[in-house]
Amino acid sequence: MRNAERYPFVSSDAVLGEASFRPYLPLTLSYQQSSVTASGLLDTGASVNVLPYLLGVELGYEWERQTTALNLTGNLAQYEARVVIVQAVVGQFEPVQLVFAWTQARNVPLILGQVNFFMEFNVCFYRSQLQFEIVPK
């Protein structure tokens, strides 16, 4: 890919060996005057981006002020979620606006899914090399 940045897969559990490696992308999220550096799991099977509750609080969101509700599915279906828009910076690329389902779940990773992370970035996975490349659309 032209102008792509390459990142390594990250081990989530050393006991599992190579099977534990996951594509976590370092990025900076900003909302109003707050910024947080985080790592998001690139999940091509996730319909939406998911922002864990505590990360949203750290960015300055107030649950009661977010009025657009969203129903999540799967293992997050039991949690309420609200729509929030966050500015994200990935590597040396220009900032993009990402739409997140901010969930009340506290034990979920930051998930980068189809809407709208994979609408803003093209990603090529090299699993056998434990790397992936990313480039803006």
Side-chain angles (χ1 to χ4, degrees):
M1 283 189 255
R2 261 187 27 223
N3 302 318
E5 291 187 4
R6 192 172 277 223
Y7 295 90
F9 276 54
V10 177
S11 178
S12 60
D13 184 351
V15 174
L16 297 175
E18 192 172 316
S20 75
F21 284 88
R22 304 283 184 265
Y24 277 97
L25 178 68
L27 69 165
T28 301
L29 302 176
S30 300
Y31 173 70
Q32 294 181 344
Q33 306 304 318
S34 299
S35 288
V36 174
T37 300
S39 290
L41 176 63
L42 297 177
D43 187 348
T44 60
S47 296
V48 297
N49 299 326
V50 177
L51 183 68
Y53 183 75
L54 295 177
L55 195 52
V57 170
E58 192 174 346
L59 281 167
Y61 287 104
E62 296 177 37
W63 187 261
E64 299 76 26
R65 291 181 167 242
Q66 308 311 313
T67 58
T68 306
L70 177 70
N71 292 322
L72 295 174
T73 60
N75 61 353
L76 294 176
Q78 64 186 335
Y79 299 100
E80 286 187 53
R82 306 286 167 85
V83 175
V84 295
I85 298 174
V86 180
Q87 180 171 290
V89 175
V90 175
Q92 300 301 311
F93 302 128
E94 292 295 317
V96 295
Q97 298 292 315
L98 294 181
V99 178
F100 281 91
W102 179 30
T103 177
Q104 287 189 319
R106 295 168 188 254
N107 59 346
V108 64
L110 174 68
I111 297 173
L112 301 171
Q114 293 296 325
V115 176
N116 67 324
F117 181 81
F118 286 99
M119 296 167 78
E120 295 293 332
F121 292 95
N122 292 316
V123 180
C124 188
F125 295 95
Y126 302 101
R127 178 62 173 91
S128 64
Q129 299 172 26
L130 297 176
Q131 296 182 348
F132 61 93
E133 283 184 346
I134 183 170
V135 65
K137 66 177 182 179

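What you see is a predicted model; the values in this text were computed from it and never measured.
Both V99 and V50 are part of a single hydrophobic cluster, where members link through side-chain heavy atoms under 4.5 Å apart. Criterion: ILVMFWY side-chain heavy atoms under 4.5 Å apart, direct or through other members. Under it, V36 and V89 are not part of a common hydrophobic cluster. Linking ILVMFWY side-chain heavy atoms closer than 4.5 Å, directly or via other members, places V96 and F117 in a single hydrophobic cluster. The cluster map of Ile, Leu, Val, Met, Phe, Trp and Tyr, joined by side-chain heavy atoms under 4.5 Å apart, puts V123 and F93 in the same cluster. W63 and V83 fall into different hydrophobic clusters, where Ile, Leu, Val, Met, Phe, Trp and Tyr side chains are chained together by heavy-atom contacts under 4.5 Å.
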Could you go through the side-chain contact (heavy atoms from CB on, under 4.5 Å) check for T103 and L72 one step at a time?
CA-CA 9 Å; T103 177; L72 295 174; 4.0 Å; yes
Is there a side-chain contact (heavy atoms from CB on, under 4.5 Å) between R82 and T68 once you walk through the steps?
CA-CA 6 Å; R82 306 286 167 85; T68 306; over 6 Å; no
Checking side-chain contact (heavy atoms from CB on, under 4.5 Å) for the pair L55/L110: CA distance, chi angles, key distance, verdict?
CA-CA 8 Å; L55 195 52; L110 174 68; 4.2 Å; yes
Could you go through the side-chain contact (heavy atoms from CB on, under 4.5 Å) check for Y7 and E133 one step at a time?
CA-CA 6 Å; Y7 295 90; E133 283 184 346; over 6 Å; no
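Contact check for L112 versus D43: no side-chain heavy atoms found under the 4.5 Å cut-off. The shortest distance between side-chain heavy atoms of F125 and Q131 does not fall below 4.5 Å. Taking 4.5 Å as the limit, some side-chain heavy atom of L41 sits within range of a side-chain heavy atom of P23. Counting heavy atoms from C-beta outward, E18 and L130 have side chains that approach closer than 4.5 Å.
Taking CG of L42 as the start and CZ of R22 as the end, the distance is 12.5 Å to the nearest 0.5 Å. Note that the CD atom of Q97 and the CD1 atom of I85 stand 7.0 Å from one another [nearest 0.5 Å]. Separation of atoms CZ (F121) and CD (E5) is listed at 9.0 Å; rounding is to 0.5 Å. In this structure, the separation between CD on Q104 and CD on Q78 is 11.0 Å, given to the nearest 0.5 Å. Rounded to the nearest 0.5 angstrom, I134 CD1 and L27 CG are separated by 8.5 Å.
Between Y61 and Y31, the ring-plane angle classifies as parallel under the 30° and 60° cut-offs. Taking the six-membered ring where tryptophan is involved, the planes of Y53 and W102 are essentially parallel, since the angle between them stays under 30° and well short of 60°. Aromatic ring orientation, F132 versus F9: perpendicular (interplanar angle above 60°, classes split at 30° and 60°).
When all heavy atoms are compared, the tightest approach of F118 to T44 is CZ-CG2, 3.7 Å. For the pair S30 and V86, the tightest heavy-atom approach, listed with the atom from each and the gap, is O-CG1, 3.5 Å. In terms of heavy-atom proximity, A88 sits nearest to L29 at CB-CD2, 3.8 Å. The nearest pair of heavy atoms linking N122 to K137 is ND2-CA, 4.0 Å. Here the shortest heavy-atom pairing between V135 and A4 reads CB-CA, 4.2 Å. L51 and G56 get closest at one heavy-atom pair: CD2-CA, 3.8 Å.
The local environment of CG in D13 is crowded, with over 12 non-hydrogen atoms from other residues, nucleotides or ligands closer than 6.0 Å. Atom CD of Q92 has 12 or fewer neighbouring heavy atoms from other residues, nucleotides or ligands inside a 6.0 Å radius. Around CD of Q129, the count of heavy atoms belonging to other residues, nucleotides or ligands within 6.0 Å exceeds 12.
A donor-acceptor contact closer than 3.5 angstrom is absent between the side chains of S35 and T28.
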